[in-house]
Amino acid sequence: MEPITPVAAETGFGPMLRSWRQRRRVSQLDLALMANVSARHISFLETGRARPSRSMVVHLSEFLGVPHGARNTLLQAAGFASAYAARPLDDAAMSPVRAAIDWMLERHAPYPGLALDRRWHVVRANAPARAMLAGAGIDGTPADLLGLFSDPARLETLIENWREVAWHIVLRLHTEALHLGGDAELDAAAARLEAVLPPRDVPAGATMPPFIAMRLRLGGRVLSLFSTISHFGSAEDMALADVKLELFFPADDQTAAFLAAAAG
């Protein structure tokens, strides 16, 4: 296996392309086959013996799953202008996106639903989610969930099975940071949690459950919830590509009944 050099330490298109290819555990031949170019051309691009076209930079980035912001960096390193913008959700061009997010969140009620950005800020929430956040003492515009992970004592107060849930959050943070080619804030949040967690215990011979429910303490009761996460499948905007919709569902009948009753 080739040693992986951090993307941030590389300069020039060729070394940066090689670093992303290695991070994705893809050989030159694998990338050539996926992108329908020759392995020789990939080699020449990485060593600087050939220069890519603007289309080739985007083409290879797509097959390597390079995040949109990093694609701009690759384009600039190859001598081209950036191709991707980061528009705020209130931009006029994002009107269909806002409508889609609001449509999904509103129709998910009476169950909580959130839209999160790359750094786990809540940028949209339906009424049940706003009530859930308020009940947990999480406020701010947008609400900062990443900051919550720096306060394990608060997590333990809020979440009955917080250690079990926290390990899944750690893995999720590391996975998201890895996809981005490294993210100091996500990695730091994961490290803060790891520092206070005991080793993960997986009993020998035990069968893992189908999912891990979060048992959230709210208003003198415990709500048992699990979630699904979705992304926009055709996003070409940097900010939109990082938006995640997290939809929570009841994990038991009592939670389902409470959420239905709370919605009136």
Side-chain angles (χ1 to χ4, degrees), residues 1-86 116-120 146 149 167-195 200 229-244 246:
M1 179 70 68
E2 302 170 76
I4 300 174
T5 304
V7 175
E10 297 286 10
T11 58
F13 173 78
M16 290 172 65
L17 175 64
R18 180 177 61 247
S19 183
W20 275 109
R21 179 179 58 75
Q22 292 171 342
R23 282 178 170 270
R24 299 307 189 224
R25 301 295 194 270
V26 173
S27 69
Q28 289 182 345
L29 179 59
D30 290 335
L31 179 57
L33 291 172
M34 288 189 295
N36 197 28
V37 298
S38 72
R40 178 185 176 90
H41 187 55
I42 298 295
S43 176
F44 279 15
L45 289 173
E46 290 188 357
T47 59
R49 295 180 66 184
R51 291 192 60 190
S53 66
R54 193 167 192 259
S55 295
M56 180 59 71
V57 176
V58 172
H59 186 61
L60 295 177
S61 296
E62 288 173 340
F63 281 99
L64 288 173
V66 177
H68 292 68
R71 293 184 196 184
N72 278 343
T73 304
L74 282 167
L75 284 164
Q76 292 163 5
F80 301 109
S82 298
Y84 303 94
L116 306 171
D117 68 11
R118 169 176 174 160
R119 298 284 168 70
W120 291 51
L146 206 60
F149 304 151
W167 267 119
H168 281 270
I169 293 173
V170 166
L171 295 173
R172 181 170 158 186
L173 289 169
H174 280 315
T175 299
E176 291 180 8
L178 181 63
H179 168 71
L180 294 167
D183 185 292
E185 288 192 39
L186 298 183
D187 283 330
R192 287 194 296 269
L193 280 179
E194 285 184 280
R200 193 177 181 197
I229 301 169
S230 59
H231 299 259
F232 283 89
S234 58
E236 293 288 17
D237 180 271
M238 288 191 294
L240 180 58
D242 290 332
V243 170
K244 301 176 286 288
E246 186 153 10

Closest heavy-atom pair and its distance - Phe13, Ala77: N-CB, 3.7 Å

So which heavy atom on Pro52 is nearest to which on Ala78, and how close? CG-CB, 3.9 Å

Less than 4.5 Å apart, any side-chain heavy atom of Leu116 and any of Ile229? no

Crowding at CZ, Arg40 (>12 non-hydrogen neighbours, <6.0 Å): no

Answer yes or no: is there a donor N or O on one side and an acceptor on the other, between the side chain of Arg49 and the main chain of Ser43, under 3.5 Å? no

Show every donor-acceptor pair shorter than 3.5 Å between a side-chain atom in residues 175-183 and any protein atom, with sequence neighbours excluded, or say none if there are none.
from	atom 1	to	atom 2	distance (Å)
Thr175	OG1	Leu171	O	2.8
Glu176	OE1	Trp120	NE1	3.0
Glu176	OE2	Arg172	NE	3.3
Asp183	OD1	Arg119	NE	3.3
Asp183	OD1	Glu185	N	3.1
Asp183	OD1	Leu186	N	3.0
Asp183	OD2	Arg118	NE	3.0
Asp183	OD2	Arg118	NH2	3.0
Asp183	OD2	Arg119	NE	3.1
Asp183	OD2	Arg119	NH2	2.9

Closest non-hydrogen atom pair, Leu45 against Arg51: CD2-C, 3.8 Å

For the side chain of Asn72 and the backbone of Ala83, is there at least one donor-acceptor N/O pair under 3.5 Å apart? yes

Contacts of Asp237 that satisfy side-chain hydrogen bond (donor to acceptor under 3.5 Å, both in side chains) - sequence neighbours left out: Arg87

What are the two closest non-hydrogen atoms of Ala50 and His41, and how far apart are they? CB-CE1, 4.1 Å

Can you check whether Asp117's main-chain N or O pairs, donor with acceptor, with Lys244's side chain at less than 3.5 Å? yes

Can you list, pair by pair, the side-chain donor-acceptor contacts under 3.5 Å of residues 55-66, counting residues two or more places apart and other chains?
from	atom 1	to	atom 2	distance (Å)
His59	NE2	Ala35	O	2.8
Ser61	OG	Val57	O	2.7

